[in-house]
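A quick write-up on the structure given underneath.
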Number of protein chains: 2
Amino acid sequence: MKPTQILLADDHHIILDGLKVVLSNNDNMQVAGMVTNGNEVLEFARKYPIDLVVLDINMPELDGISCARILKKELPHIKIIILTMYPQKSFVNEIVKIGIDGCLLKNNTGKELITAIKRVMGGQAYFDHLKAFSDDKDEVIRFKLTPREIEIIKAISNGLKSEEIAEQLFISPHTVLTHRKNILKKLGVNNTNQLIKYATKQQII
Amino acid sequence: MKPTQILLADDHHIILDGLKVVLSNNDNMQVAGMVTNGNEVLEFARKYPIDLVVLDINMPELDGISCARILKKELPHIKIIILTMYPQKSFVNEIVKIGIDGCLLKNNTGKELITAIKRVMGGQAYFDHLKAFSDDKDEVIRFKLTPREIEIIKAISNGLKSEEIAEQLFISPHTVLTHRKNILKKLGVNNTNQLIKYATKQQII
DNA sequence: AAAAAAATACCAAAATATAGGTATTTTATA
DNA sequence: TATAAAATACCTATATTTTGGTATTTTTTT
């Protein structure tokens, strides 16, 4: 059987190096390429016949999730496994929607990645940390932020005050205040400080 | 020559796995152990004769920097290389003070780690990303936070208000306000929102 | 023991955020 | 084309942070 052609994507070379060696020990898997951002993933996937991509979420230029979305539309036969540092609930929704095949945390052995790849190539989904990722899916959905809200959060985290945000987005300061209220409520946090910590950890910003 | 005995410390197993394989290809280096937090590093180092530790900064229980500090006092012959995700200016000072032997970013090839280890074992320091780490050392020193200030920042990021922080630390609310003022001034940020973003990115919290 | 750094405490005014609402318009989606 | 979701806007009151000061005590370093 032809070995599974795998593309590795992570902006940290040392992780790529590690992953490569881990997978190289396996006869029916071959690392076809290693790239460091989402755009390079697309370029590579359009050019070479790969079977599976291991995608880090946080990459410069084009992040893993956005990349996966494009990839699944353009080349739906390519399997996608997301490899991330932390469980990011904010993405569960997207992950399911896009049709990503597998998800696992970096806090995991190489063996587990191999298991995941095998499972996914066999047509099954692999969400080892399903619990961590979606232990309360409804909650996640309920808390889903709108694009505008994410814009607002980013502005807040940059230290802009409501009035400045309003100017920047050409809307009324009242609207900004409303957004802020909604955001706090959705995320179940009490104030902006908690919001920023949460958003940073969840890598919304 | 006896191979260099190396202890790897990172809270992400997949990185440990990767590092191990990368180093295993080298005859005069041997991975003596792999651990996932600072306390385990200390336990291991007290028990087994290791030559060098590769330390991640961000680990649960006992972080890399604190661990290095203890290690250098207790077992000064052990070389320490810090391996971190981002250049964290806030730590440059500490790194120099503690006498850490090397520093490199995870965004780096395995080859570079091997080079670093060789260099460090040869008695030299290895700060490949010295520039990233300390392109403005004076600034870093000027901006250095006191332990108390870091405590305050953590509390703020948890969403506590000044009064609550005061209660928690058994000090006057006025003192908390003073600390907050000093922190903002030291870090050159305009408000708490910027502070939290900065602190999170720099991984002060 | 002296000097420097860190932690402590207080005052007062101005600026901002938060909490409680209601309500209309625009944009997606079924 | 209905319907739902998102974005918009406003009001009032209270809570909290931020700014600009001064100053003493404790701890650390030289």
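The sequence lines fix the lettering, A, B, ..., with proteins before strands; numbering per chain opens at 1.
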Closer than 4.0 Å, any side-chain N/O of [X] to the OP1 or OP2 of [N]?
| X | N | value |
| --- | --- | --- |
| B:Thr178 | C:dA7 | no |
| A:Lys181 | C:dA19 | no |
| B:His179 | C:dT8 | yes |
| A:Thr175 | D:dA7 | no |

| said: On DNA chain C, does the nearest nucleotide to B:Leu177 precede the nearest nucleotide to B:Arg148 from the 5' side, or the other way round? Give the residue. | reply: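 In this pair, the answer is B:Arg148.
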| For B:Pro147 and B:His174, take the nucleotide of DNA chain C holding the closest heavy atom to each; which residue's nucleotide lies nearer the 5' end? |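 Final value for this comparison: B:Pro147.
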| request: Would you indicate what B:Ser162 reaches in the nucleic acid, counting non-hydrogen atoms under 4.0 angstrom: base, sugar-phosphate, or nothing? | output: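 If one applies the 4.0 Å heavy-atom cut-off, B:Ser162 turns out to touch the sugar-phosphate alone, with no base involved.
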Take the protein atom [atom1] of [X] and the nucleotide atom [atom2] of [N], then report the distance between them rounded to whole Å.
| X | N | atom1 | atom2 | result |
| --- | --- | --- | --- | --- |
| A:Ile150 | D:dA6 | CD1 | P | 11 Å |
| A:Leu169 | D:dA6 | CG | P | 18 Å |
| A:Ile196 | C:dT18 | CD1 | P | 9 Å |
| B:Gln168 | C:dT8 | CD | P | 13 Å |
| A:Phe170 | D:dA7 | CZ | P | 17 Å |
| A:Asn182 | D:dA7 | CG | C1' | 10 Å |
| B:Leu195 | D:dT16 | CG | P | 19 Å |
| A:Asn191 | C:dT16 | CG | P | 18 Å |

| field | Donor-acceptor contact present, side-chain A:Asn191 to main-chain A:Gln194, <3.5 Å | value |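 Side chain of A:Asn191 to backbone of A:Gln194: a pair is present.
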| task | Look only at the side chain of B:Glu40 and the backbone of B:Thr36, and say whether a donor-acceptor pair between them is shorter than 3.5 Å. | result |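 Judged by distance alone, yes, a pair lies under 3.5 Å.
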| said: Looking at A:Lys20, I want to see if its NZ is surrounded by more than 12 non-hydrogen atoms of other residues, nucleotides or ligands under 6.0 Å. | reply: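 No - once you tally the heavy atoms of other residues, nucleotides and ligands closer than 6.0 Å, there are 12 at most.
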| task | May I ask you to say whether B:Arg148 pairs ionically with B:Glu151, meaning some side-chain N is under 4.0 Å from a carboxylate O? | result |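 Salt bridge: yes.
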| query | Closest to the A:Lys161 side chain: D:dC10, C:dT16, D:dA7? | reply |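 Of all the options, the side chain of A:Lys161 is nearest to C:dT16.
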| Just one of B:Ile81, B:Ile80, B:Leu71, B:Val120 clears the side chain to side chain contact (heavy atoms under 4.5 Å, CB included) bar with B:Ile100, so which one? |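 Going through B:Ile81, B:Ile80, B:Leu71, B:Val120 one by one, the side chain to side chain contact (heavy atoms under 4.5 Å, CB included) with B:Ile100 is satisfied by B:Ile80 alone.
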